[in-house]
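The figures here come from the full heavy-atom set of this structure, side chains too, leaving out hydrogens, waters and symmetry mates. Numbering of residues begins at 1 and proceeds along the displayed sequence.
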Amino acid sequence: MMDPLGLLYKYASLFRKMISAKVWSSERSIKELLSLNSEADWDFLTSAMDIVDDGSAAIGHVMKYGLRGPTKDDDLGEKYLRLYGLLSATYIQQQSIGTIYKLMNLPDPKQLRATFETLEIRGLRHKLSSHGTDLLDRATGTQQAFVPLRLNLNDGLSVTYVNYTASSMHHHVDLAAAIDAHVKMMIDVMDSIIEKSMTTIFEKSSKQKAEIASELDDLRIEKAGGWVSKTEAGPKLIVTFVDAESER
């Protein structure tokens, strides 16, 4: 797979392109065109689309510069701001994609939320930037307290946190790996959203639907580790890679 965050941006852009193509193609109400449940859903949909891209920008910045940031100063407060900001960015991106999923009438949004809860970065958000002193352990019914270990906030992308209310106190998290899992899950969900939405909002023989479907196919090639090169008028070049181990 290409840079996952870059691919997520492409998926979000394709969804926006699909929505815009449908909305601007007719003078009918947006509710009717997009098969929304209410006129107000449009406001939530546009907000969610913006937040997905905004979240990617924040995540990408931390991925590039780490917790220390682009400055030369070794500032503890900067590291905390970037850690808390990263955790908030991943959370609101999940929530926004969940909102799009629900508004476009995909099945079982509650199950999607439960799937999001399995992400390590989401659990870290609950523990460190949202419920540090009142996180409910549903297995025991007790509240727990968590705090990042400041001595381990280094220049890279890792964090160690302490659970003062449990016998196993110290936990280390590779933030880069946690972010990668988050982004890949967001890509999978956006893929499902686009596939389902094409069928919902476009006629079966629609030229617009065919164009979106073709672009989705290209993104799936990139998602699988391939590469697609297109020209304005000519054919497109598709390169795929085969795992040598799987061919033995």
State plainly whether the residues Asp3 and Lys10 are in salt-bridge range, i.e. N to O under 4.0 Å.
no

One thing to verify: whether Asp41 and Lys31 come together as a salt bridge, which I'm taking to mean a side-chain N less than 4.0 angstrom from a carboxylate O.
no

One should read off an interatomic distance between Ile59 CD1 and Met63 CE, to the nearest 0.5 angstrom, of 9.0 Å

Do Phe146 and Val159 sit in the same hydrophobic cluster, where Ile, Leu, Val, Met, Phe, Trp and Tyr count as joined when their side-chain heavy atoms come under 4.5 Å apart?
yes

Among residues at least two apart in sequence or on other chains, which ones pass salt bridge (Lys or Arg N to Asp or Glu O under 4.0 Å) with Asp188?
Lys223

Using a strict cut-off of less than 4.0 Å between a Lys/Arg side-chain nitrogen and an Asp/Glu carboxylate oxygen, indicate whether Arg220 and Glu195 qualify as a salt bridge.
yes

What side-chain hydrogen bond (donor to acceptor under 3.5 Å, both in side chains) pairs are there with at least one residue in residues 95-104, not counting sequence neighbours?
Gln95-Arg122

I'd like to know if the side chain of Ser197 and the backbone of Ile193 have a donor-acceptor N/O pair within less than 3.5 Å.
yes

With rounding to the nearest 0.5 angstrom, report the CG to CD1 distance, Leu87 to Ile92.
11.5 Å

Thr115 (side chain) donor-acceptor with Gln111 (main chain) under 3.5 angstrom:
yes

So, taking the atom named CG in Leu76 and the one named CG in Leu153, what distance separates them when rounded to the nearest 0.5 Å?
6.5 Å

Set of salt bridge (Lys or Arg N to Asp or Glu O under 4.0 Å) partners for Lys209, sequence neighbours left out
none

Search all heavy atoms of Val173 against all heavy atoms of Ala178 and return the closest pair with its distance.
CG1-CB, 4.4 Å

May I ask you to say whether Lys17 pairs ionically with Glu211, meaning some side-chain N is under 4.0 Å from a carboxylate O?
no

Under a plain distance cut-off of 3.5 Å, with no hydrogens placed, do Gln93 and Ser56 share a side-chain donor-acceptor pair?
yes

Donor-acceptor pair between His182 and Glu120 side chains, under 3.5 angstrom:
no

Measuring from Leu216:CG to Tyr11:OH, what's the distance to the nearest 0.5 Å?
5.5 Å

Could you go through Lys79 and Asp73, starting from their C-alpha distance and side-chain angles, then the distance that decides it, and tell me whether this counts as salt bridge (charged side-chain N to carboxylate O under 4.0 Å, His left out)?
CA-CA 11 Å; Lys79 293 176 183 178; Asp73 295 332; over 6 Å; no

Pairwise distance CG(Leu112) to CD1(Ile97) - rounded to 0.5 angstrom:
9.0 Å

Any donor-acceptor pair under 3.5 Å from Gln143 side chain to Leu135 backbone
no

So, taking the atom named CG in Asp180 and the one named CD1 in Ile121, what distance separates them when rounded to the nearest 0.5 Å?
11.0 Å

Where do Ala21 and Gln208 come nearest, in terms of heavy atoms and distance?
O-NE2, 3.3 Å

Going through the distances and angles, do Met186 and Gln94 end up as a side chain to side chain contact (heavy atoms under 4.5 Å, CB included)?
CA-CA 7 Å; Met186 298 307 103; Gln94 293 161 23; 3.7 Å; yes

